[in-house]
There are 2 protein chains.
Amino acid sequence: MVSARRTSVWLEGKSPRARKAEQPSGLDREKITEAAVRLLDTEGLARFSMRKLAAGLNVTAMSVYWYVDTKDDLLELALDRVVGELPIPDPASGADWRDRLRELAASYRALFVAHPWASSLVGHFLNIGPRSMEFGRTAQQVIADTGLPLHLQSAALSSVFQFVYGFGTVEGQFRQRCEEAGMSQDEYFRHAMGAFRDQPAYGEDYERAERIMAARGGDTVEEMRDRDFRFALEVQIAGIEAMVARGA
Amino acid sequence: MVSARRTSVWLEGKSPRARKAEQPSGLDREKITEAAVRLLDTEGLARFSMRKLAAGLNVTAMSVYWYVDTKDDLLELALDRVVGELPIPDPASGADWRDRLRELAASYRALFVAHPWASSLVGHFLNIGPRSMEFGRTAQQVIADTGLPLHLQSAALSSVFQFVYGFGTVEGQFRQRCEEAGMSQDEYFRHAMGAFRDQPAYGEDYERAERIMAARGGDTVEEMRDRDFRFALEVQIAGIEAMVARGA
DNA sequence: GCGTTCACTTGTACGGTGTACGAGACCTAG
DNA sequence: CTAGGTCTCGTACACCGTACAAGTGAACGC
């Protein structure tokens with residue numbers, strides 16, 4: 001018989017814990033999760049620690065463990081919480097699926113930019129927290145309205161949202177790098193390109209990169225990225241439309 | 001003046017280190033990187049440590065630091081190495097860009113399945129190692145052959161490869177989870193679905209999931225995933241074709 | 001031959017990490 | 001008043017990345 005292995009915080013047998021009265025520390029899962037998100041935002045995933053979190057709550061590290069089984073569980077809670085912050089387009093708005101998809105994709109992208117640590121976590125967990133589920137439900141509904149047959153919808157969903165995930169991840173990590181280096185995105189970009197140019201082995205690649213940069217135009221890194229994102233999203237939409245038109 | 005911050009192992013001023021003769025331990029960057037990849041494959045990123053790596057090489061942890069500045073640098077080297085293992089379609093084969101794109105995407109997906117730890121790393125580094133560059137060059141060439149204007153090519157590249165990255169990441173992490181739990185993918189899937197069904201709050205979602213599963217058909221999780229991947233990739237291709245046809 | 005220098009290897013140590021464990025402190029029920 | 005549950009805390013363990021300094025042994029100039 002297969003042992004019942006842990007799958008997710010969200011699939012525990014019991015609800016968090018029955019509370020009898022206000023505890024002296026005033027702690028609860030909600031407050032801990034909120035503090036965790038704050039700390040993750042300021043320190044990043046690598047420097048996030050249970051001890052620092054506890055200190056911020058004026059409590060010892062082990063107190064936190066009363067409300068949460070492991071650090072991973074807490075991270076799972078934190079992830080679901082930030083997903084819950086996303087604005088979600090009203091499914092009953094009657095708007096075209098394309099517009100709702102653009103809105104949802106923009107939200108999702110913004111998530112990884114605002115919380116770069118979230119990128120590293122989505123891959124690790126099952127993402128079945130209540131807010132993640134709601135987001136998934138909405139996304140599913142948008143794809144359902146494209147007219148694709150049911151059995152192809154999950155693939156189309158993958159196509160779009162995995163792209164947004166990847167794009168947002170790279171973007172978020174880049175921004176974090178810039179911040180840590182104390183440079184603006186454009187400064188950091190020039191810095192990296194400079195170091196790149198100075199590597200003799202990469203001469204050809206550097207020139208190609210320059211040529212592409214020139215063609216893309218755009219004054220700032222951010223502007224170019226925005227354009228790329230919008231265009232890539234239109235590629236996704238056009239692809240789905242083409243598949244619908246092909247009738248499969 | 002902006003301090004010259006670290007950007008990547010690949011942008012160091014000097015080549016690794018001049019070697020005079022065969023060292024008693026027989027160590028070098030190559031061997032260390034290879035051992036690192038092996039250890040990452042067997043232990044996963046979370047359980048990878050410099051001490052374990054050194055032990056596997058019959059050497060103390062600090063010896064490794066003679067060849068490599070930090071753990072992160074080593075991880076960057078390991079990542080580039082596995083990228084180098086990917087089969088790359090011959091750019092001069094004259095094959096249609098669609099076929100070359102399918103081949104390249106399949107390779108990239110396989111990377112994250114074979115080395116789930118690589119997923120967590122691609123986001124963290126600049127990915128400008130020689131093998132990553134070669135892969136990028138090839139991908140760039142494929143996109144160039146679609147007929148898209150130069151200034152839209154990087155966006156199209158994003159669209160496809162960020163999707164593959166996201167897809168491969170989720171797939172790789174899932175497989176790793178299954179292995180750690182000692183279950184087959186189908187067993188684990190049923191296990192998770194079961195736990196899911198038992199959560200009263202998720203009744204509606206569970207039923208929707210079941211409905212979609214039924215529609216997708218397919219005997220195994222793997223089969224369904226393969227179909228999803230192929231279809232999503234065709235969505236990408238159709239999208240690019242549509243954009244080319246639109247003349248922008 | 002001999003001292004120096006360089007290329008490495010090693011041992012020790014520091015300041016962190018996640019978290020198991022057990023001893024309390026307080027509140028409530030009986 | 002006692003018993004038990006809920007929560008907090010201090011201590012401790014095993015492990016981590018890596019700084020630092022003291023070796024070791026071979027190559028080289030003299």
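Residue numbering restarts at 1 for every chain, and letters A, B, ... go by the order of the sequence lines.
Rounded to an integer number of Å, the gap from A:D72 CG to C:dT17 P is 16 Å. C:dC8 atom P lies 10 Å from atom CG of B:D28, rounded to whole Å. Rounded to an integer number of Å, the gap from A:E43 CD to C:dG16 P is 12 Å. The OH-C1' distance, from A:Y67 to D:dT6, rounds to 8 Å in whole Å. At whole-Å resolution of the value, NZ in A:K31 and C1' in D:dC7 are 14 Å apart. A:D69 has its CG atom 15 Å from the P atom of C:dG18, to the nearest Å.
Taking the six-membered ring wherever Trp is involved, the centroid distance between the rings of A:F163 and A:F229 falls below 6.0 Å. Aromatic ring centres of A:Y108 and A:Y165 lie farther apart than the 6.0 Å criterion allows.
At least one side-chain nitrogen or oxygen of A:W66 sits closer than 4.0 Å to the OP1 or OP2 atom of D:dC7. Put simply, B:S63 has a side-chain N or O that comes within less than 4.0 Å of OP1 or OP2 on C:dT10.
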Next item on the list: Spell out protein contact along nucleotides 20-25 of chain D as letters: B when the base is contacted, S when just the sugar-phosphate is, - when no protein heavy atom is under 4.0 Å; keep the 5' to 3' order.
Entry: B-----
Every protein N/O lying under 3.5 Å from an N/O of nucleotides 15-17 of chain D:
residue, atom, partner, partner atom, Å
D:dC16, OP1, B:S49, OG, 2.8
D:dG17, OP1, B:M50, N, 3.4
D:dG17, OP1, B:K71, NZ, 2.9
D:dG17, OP2, B:M50, N, 3.0
D:dG17, N7, B:R51, NH1, 2.4
D:dG17, O6, B:R51, NH2, 3.2

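Around CD of A:E179, the count of heavy atoms belonging to other residues, nucleotides or ligands within 6.0 Å does not exceed 12. The environment of A:R208 atom CZ is dense: over 12 non-hydrogen atoms of other residues, nucleotides or ligands sit within 6.0 angstrom.
No donor-acceptor pair under 3.5 Å is formed between the side chain of A:Y202 and the backbone N or O of B:M133. Looking only at distances, no side-chain donor or acceptor of A:K71 sits under 3.5 Å from a matching main-chain atom of A:M50.
Residues passing the ring-ring contact (aromatic ring centres under 6.0 Å, His included) test with A:Y206, sequence neighbours excluded: none.
A salt bridge does not link B:R131 to B:E85: none of the charged nitrogens lies less than 4.0 Å from a carboxylate oxygen.
A donor-acceptor contact closer than 3.5 angstrom is absent between the side chains of A:Q185 and A:T220.
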